[in-house]
Amino acid sequence: MTISIQNIRGFSDVLPDESPAWQFVEQTFRHELERYGFDEIRLPIVEKTALFSRSIGEVTDIVEKEMYTFTDRNGDSLTLRPEGTAGCVRAALQRGLLHNAQPRLWYAGPMFRHERPQKGRYRQFHQVGAEAFGVPGPDVDAELILLSGRILRALGLRDVTLEINNLGTSETRARYRDDLIKHFQAHAEHLDDDARRRLHSNPLRILDSKNPAMAEVIASAPDLLDYMDAEAQAHFTAVRAMLEATGQAYRVNSRLVRGLDYYGSTVFEWVSEHLGAQGTVLAGGRYDALVEMMGGRATPAIGFAAGIERLVSLVEAAGSVPDKTTTQAYLIMTEPTLAQNALAIAESLRTQMPTLRVQVNMGGGSMKSQLRRADRSGAAFALILGPSEAAAGEINIKDLRGETEQYTVAIDRLPAVLSSFDSR
RNA sequence: GUGGGCGUAGCUCAGCUGGUAGAGCUCCGGAUUGUGGCUCCGGUGGUCGUGGGUUCAAGUCCCAUCGCUCACCCCA
């Protein structure tokens, strides 16, 4: 079949088969975040372009080539949000949430980046984000990491590992960056094309290269950790001590660099081996300079974002998605003329039993096909209404899963009977 | 943006050196006049991604194009 209009590349549908896993991931985040004192904030999907270009960094890949930017009817440049932190900071500042308060906020929803799609990477993707404002750490840093670990465990994910790093202050990072460029320039003959291109735009990224030919130049490069000042050292040590005290395993990865300009100090990343090339499942870090940069009073902050699609794929592979609640009762009728009675019975049942799931067969069909639908709906039992039952104010109950013999009851006794089935 | 792999039924796929489109699953009906699952029988469903070319003849060969997918880059 040739369908004339299809979805946009990289914008996927979440089909009914997949939605239980999505709900599981979303509900787990909501539940654990609330338990740690985070409150939900709902933010616009479109913001002024300048919000992102200024906060994320003009020369990052996101801003340079990945944003969905358009001009609206007023001539303003608007952008579909590529990430959540900028909008959250904007809202917190604009609405006065940061005034004499240390809010902890979480949000969830779609983000948009115009990249080439591949496994675990889509143009519309979904994140859950959490941001904690006003606390300089290291206690929040550690708690946020512990929270993210708890969420991943609650999702039943075992094979995810925690990597942490400290990017130091913007001054020490600039000094490190300069030395790194010098180092790579001195060994320019060993660099591949990508590395040469990134030498000035993003030299820290060269450290991540997977090219074995460059392993030696990279290994001999200066280490960021050697550049940290005493304060950053102390902060990093304290975070590590807190993780150790709570039994949270981690690996220090001095090559761990976040892609957005506003990150500094503590950064962390949860990584899975089962996702192909896009293994990062949840990542975050401290961004103490961002609030002030956006016009607010200097306010320390830290946050993380998790990729729902990646987590859904892991959770499905791990088989940890709880079974979907299926239809408990499926009502069928032997004559189409009984549809009125069937609807009335179902409505009355739903009113009397608020938690009951009951589906009425629609569109007729033979007894055989109706029962087949009842079976495939996953219902625990079928309610069968024929002319004789209807006339007598009764209905027939057929147990589709257990051993109970089929029998007929008065309709007003149905709630009691179904409850007894339910507690079985 | 660059490269590899792949586009045949709703799904998973077969279709040799060109000779009028197939299987399994699903769905619908029947075997069983008001009784599902298992079995058996039958049926619905395709402009073979799209456009052009070669040929008496193209799912098959050639060209272009679109899409999907994985990887690079980058990131959740």
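Here is how names work: the chains are called A, B, and so on, in the same order as the sequence lines, proteins then strands, and each is numbered from 1. All values below come from the heavy atoms of this structure, side chains included, with hydrogens, waters and symmetry mates left out. The shown structure was predicted, so the numbers you read here are calculated from the model rather than taken from an experiment.
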Whole-Å distance separating the [atom1] atom of [X] from the [atom2] atom of [N]:
{"X": "E403(A)", "N": "G37(B)", "atom1": "CD", "atom2": "P", "result": "17 Å"}
{"X": "I395(A)", "N": "U35(B)", "atom1": "CD1", "atom2": "C1'", "result": "14 Å"}
{"X": "L275(A)", "N": "C75(B)", "atom1": "CG", "atom2": "C1'", "result": "13 Å"}
{"X": "E309(A)", "N": "U69(B)", "atom1": "CD", "atom2": "P", "result": "13 Å"}
{"X": "F112(A)", "N": "C75(B)", "atom1": "CZ", "atom2": "P", "result": "20 Å"}
{"X": "L80(A)", "N": "A76(B)", "atom1": "CG", "atom2": "P", "result": "17 Å"}
{"X": "N7(A)", "N": "C68(B)", "atom1": "CG", "atom2": "C1'", "result": "10 Å"}
{"X": "Y330(A)", "N": "G37(B)", "atom1": "OH", "atom2": "P", "result": "14 Å"}

message = Roughly how many Å apart are C73(B) and C61(B), using the P atom of each and rounding to a whole number?
response =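 That atom pair is separated by 34 Å.
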
key: U44(B) and G5(B), which share atom name P, separated by this distance in whole Å   =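 It comes out at 39 Å once rounded to the nearest Å.
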
Heavy atoms only, 4.0 Å cut-off, all strands: where does [X] land among base, sugar-phosphate and nothing?
{"X": "R372(A)", "result": "sugar-phosphate"}
{"X": "K368(A)", "result": "base"}
{"X": "E83(A)", "result": "nothing"}
{"X": "R9(A)", "result": "sugar-phosphate"}
{"X": "Y122(A)", "result": "base"}
{"X": "L311(A)", "result": "nothing"}
{"X": "A283(A)", "result": "sugar-phosphate"}

Using Watson-Crick or G-U wobble geometry with both distances under 3.5 Å, which nucleotide pairs with [N]?
{"N": "C61(B)", "result": "G53(B)"}
{"N": "C75(B)", "result": "none"}
{"N": "G7(B)", "result": "C66(B)"}
{"N": "A14(B)", "result": "none"}
{"N": "C40(B)", "result": "G30(B)"}

query = What distance separates E316(A) CD from E18(A) CD, expressed to the nearest 0.5 Å?
reply =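 E316(A) CD to E18(A) CD: 6.5 Å, rounded to 0.5 Å.
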
ask   = Could you give the distance from CE (M293(A)) to CG (D288(A)), rounded to the nearest 0.5 Å?
value =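 If we round to the nearest 0.5 Å, M293(A):CE and D288(A):CG are 13.0 Å apart.
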
Counting only side-chain heavy atoms from C-beta out, which of [options] sits nearest to [X]?
{"X": "T280(A)", "options": "G37(B), G34(B), A76(B)", "value": "A76(B)"}
{"X": "K65(A)", "options": "C73(B), G34(B), C28(B)", "value": "C73(B)"}
{"X": "R116(A)", "options": "U69(B), G36(B), G29(B)", "value": "U69(B)"}
{"X": "S366(A)", "options": "G34(B), C73(B), G29(B)", "value": "G29(B)"}

request  = Please say whether the positively charged group of R240(A), taken as NZ for Lys or CZ for Arg, lies over the ring of F236(A), i.e. under 6.0 angstrom from the six-membered ring centre and within 45 degrees of the axis.
outcome  =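 Yes, R240(A) and F236(A) form such a contact.
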
key: Worked check of side chain to side chain donor-acceptor pair (under 3.5 Å) between E269(A) and T280(A)   = CA-CA 7 Å; E269(A) 199 166 296; T280(A) 303; 2.9 Å; yes

For [N], does either OP1 or OP2 sit under 4.0 Å from a side-chain N or O belonging to [X]?
{"X": "S369(A)", "N": "G29(B)", "value": "yes"}
{"X": "R373(A)", "N": "G36(B)", "value": "no"}
{"X": "Q118(A)", "N": "U69(B)", "value": "no"}

ask   = Is any side-chain N of the basic residue among D141(A) and R286(A) closer than 4.0 Å to the acidic one's carboxylate O?
value =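 Salt bridge flag = yes for R286(A) with D141(A).
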
key: Electrostatic pair D178(A):R175(A) at N-O distance under 4.0 angstrom   =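 No, D178(A) and R175(A) are not salt-bridged.
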
RNA chain B: 5'-proximal contact among A305(A) and G365(A) (nearest heavy atom) =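 Going by which nucleotide is closer to the 5' end, it is G365(A).
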
message = Please compare V281(A) and G276(A) by the position of their nearest nucleotide in RNA chain B and report the one closer to 5'.
response =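 Nearer the 5' end of the strand: G276(A).
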
key: Y287(A)-E131(A) side chain donor-acceptor pair, cut-off 3.5 Å   =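 The criterion, which ignores hydrogens and geometry beyond distance, is satisfied for E131(A) and Y287(A).
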
ask   = Between the base of G34(B) and the side chain of Q370(A), is there a donor-acceptor distance below 3.5 Å?
value =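 When only heavy-atom distances are counted, Q370(A) does not reach the base of G34(B) through any donor-acceptor pair under 3.5 Å.
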
